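Reading through the structure tokens given below for one structure.
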Amino acid sequence: MSTTKDFETKQFPTWCPGCGNYGIWTALKNSLVEQGYKPHEVAVVFGIGCSGNMASFLNVYGFHGLHGRVIPVATAIKLCNHKLKVIAVSGDGDGYSIGLGHLIHAIRRNIDITYIVHNNQIYGLTKGQTSPTSEKGFTSKSTPFGSIEDPIDPIALAIDVGASFVARGFTGNIDHLTRLISAGIQHQGFSLIDVLQPCVTFNHLNTFHWFYDRIYELEKTKYQPNDKSVAWLKAREWPTDELIDESAKTKIPIGLFYKDDKETYWNQLSQLKDQALVDQPINDIDISELMKKLS
């Protein structure tokens, strides 16, 4: 039986003290242990940014990729060996900017990977610039007079383009986040888990206390995650005008927004359905005719 120590390397995290990344690291380890996984049964692909530093701290098969290219690598790993549990770890600046196109196509293909996005609403590693999820009006080093751009809503976007599992967690509630990650890993298909992860160094608006004052769990209401239109409306619950009107304290839901059981990409391919690509024999394959055509 594995323990959380089995999923830790000899390197201790270098994130800022109090960073929300510690909560995701803890929840992910807890989830893997509770489900009975061993380190060699899991592959995690990491992106660029503070979230990507987890590559040094998580003891699994790991790949530290290029900025925004987490999903293509995770997809390739899953298609080569669908027996591995494949997880992609990214940040809002990594996954919702240059990596956004990959997200949409992985969703429509229903690739069987779990995508965990550290969403701190800022570029933390490069010292605090506005990210795609920063509030409109947010002041930063890149927007000293306030951002004039509307933020991306990753939950509503994922639901709209057909994701089969869409959830939001919060690093201030590790038990709840652990359950969400476990549900996402167990889901057969593409699962997006957007995690509200306060940056204690550069984002002084969306703090832990700011979220504690607004967050509520969908599981503690009568909400059912089986209606796409209702899920989309629920995803739009967010205090978008709070920088203009401080009294607009709209509540923020966390939990599972939508779930749909549909076939995964690899399960629809006859070449992969019965046997993983890495297990298929290649010694008895005759490619002489193919080589003649290419010569």
Side-chain angles (χ1 to χ4, degrees), residues 13-16 18-25 28 44-58 62-74 87-107 113-158 161 163 166-171 177 192-208 210-211 238 240 243 252:
T14 54
W15 296 308
C16 299
C19 175
N21 284 332
Y22 287 97
I24 299 176
W25 181 56
L28 179 53
V44 182
V45 182
F46 303 90
I48 300 300
C50 294
S51 62
N53 290 346
M54 194 189 296
S56 300
F57 319 135
L58 192 66
F63 186 98
H64 203 167
L66 298 175
H67 195 230
R69 311 306 177 198
V70 171
I71 291 179
V73 177
I87 300 168
V89 173
S90 184
D92 53 300
D94 184 42
Y96 298 148
S97 56
I98 191 172
L100 188 62
H102 297 304
L103 170 62
I104 293 172
H105 292 298
I107 286 174
I113 60 177
T114 301
Y115 190 35
I116 302 173
V117 181
H118 298 225
N119 187 354
N120 59 18
Q121 299 167 274
I122 205 166
Y123 281 96
L125 188 65
T126 52
K127 312 305 181 190
Q129 298 84 1
T130 303
S131 86
T133 55
S134 296
E135 307 281 4
K136 187 172 184 178
F138 186 79
T139 57
S140 70
K141 293 179 179 179
S142 60
T143 56
F145 302 106
S147 174
I148 62 174
E149 299 175 338
D150 290 322
I152 286 176
D153 184 337
I155 301 297
L157 175 65
V161 297
V166 185
R168 176 193 287 145
F170 172 48
T171 57
L177 179 57
L192 170 66
I193 304 175
D194 180 77
V195 186
L196 302 174
Q197 174 259 308
C199 176
V200 296
T201 301
F202 297 111
N203 188 340
H204 302 298
L205 170 65
N206 310 110
T207 64
F208 276 100
W210 188 87
F211 283 116
W238 187 275
T240 54
L243 286 175
I252 300 173

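Small disclaimer: the values here were computed from a predicted structure and weren't measured. One-based numbering along the sequence shown. Values below: every heavy atom of this structure, side chains too, minus hydrogens, waters and symmetry copies.
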| request: Please report the C-alpha distance between Arg69 and Ile71 in whole Å, then the side-chain angles of each, then the deciding distance to 0.1 Å, and finally whether the side chain to side chain contact (heavy atoms under 4.5 Å, CB included) criterion is met. | output: CA-CA 6 Å; Arg69 311 306 177 198; Ile71 291 179; over 6 Å; no
| task | Would you please test Asp194 and Tyr96 for side chain to side chain contact (heavy atoms under 4.5 Å, CB included) and show each step? | result | CA-CA 11 Å; Asp194 180 77; Tyr96 298 148; 2.7 Å; yes
| message | Between Val45 and Ile113, does the side chain to side chain contact (heavy atoms under 4.5 Å, CB included) criterion hold? Intermediate values first, please. | response | CA-CA 10 Å; Val45 182; Ile113 60 177; over 6 Å; no
| query | Going through the distances and angles, do Ile152 and Leu100 end up as a side chain to side chain contact (heavy atoms under 4.5 Å, CB included)? | reply | CA-CA 10 Å; Ile152 286 176; Leu100 188 62; 3.9 Å; yes
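Note: Leu196 CG to His118 NE2 = 12.5 Å, rounded to the nearest 0.5 Å. Atom OG of Ser97 is separated from atom OH of Tyr123 by 3.5 Å, given to the nearest 0.5 angstrom. Separation of atoms CD1 (Ile116) and CD1 (Ile24) is listed at 7.5 Å; rounding is to 0.5 Å. How far CZ of Arg168 is from CH2 of Trp238: 5.5 Å, rounded to the nearest 0.5 Å. Taken from OG1 in Thr207 to CG in Leu205, the straight-line distance is 7.5 Å, to the nearest 0.5 Å. Atom-to-atom distance recorded for Leu157:CG and Ile107:CD1 is 6.5 Å, nearest 0.5 angstrom.
In this structure, the side chains of Thr143 and Glu149 stay at 4.5 Å or more apart for every pair of heavy atoms. Using a 4.5 Å heavy-atom threshold, the side chains of Thr171 and Phe211 count as separate. Here the side chains of Gln121 and Pro198 are not in contact, with every heavy-atom distance at 4.5 Å or above.
When all heavy atoms of Leu177 and Gly169 are compared, the closest pair comes out as CD1-CA, 4.0 Å. Scanning all heavy atoms of the two residues, the minimum distance from Leu125 to Cys50 falls at N-SG, 3.5 Å. Nearest heavy-atom pair, Asp94 versus Leu66, reported as atom, atom and distance to 0.1 Å: OD1-O, 4.4 Å. Closest approach of Val166 and Ala158 over heavy atoms only: CG2-CB, 3.9 Å. Minimum heavy-atom separation, Tyr22 to Thr14: OH-C, 4.5 Å. Considering all non-hydrogen atoms of both residues, Thr201 and Cys16 come closest at OG1-SG, 3.2 Å.
The side chain to side chain donor-acceptor pair (under 3.5 Å) search around His204 returns none, not counting sequence neighbours. With sequence neighbours excluded, the residues forming a side chain to side chain contact (heavy atoms under 4.5 Å, CB included) with Ser134 are Thr130, Ser131, Phe138, listed by chain and number. Phe57 is linked by a ring-ring contact (aromatic ring centres under 6.0 Å, His included) to Trp15, counting only residues two or more places apart in sequence or in another chain.
Proximity of a side-chain donor or acceptor of Ser90 to a complementary backbone N or O of Gly95 within less than 3.5 Å is detected. At least one donor-acceptor pair under 3.5 Å links the side chain of Asp92 to the backbone N or O of Asn120.
Classification of the His64-Phe46 ring pair by plane angle, with boundaries at 30° and 60°, yields perpendicular.
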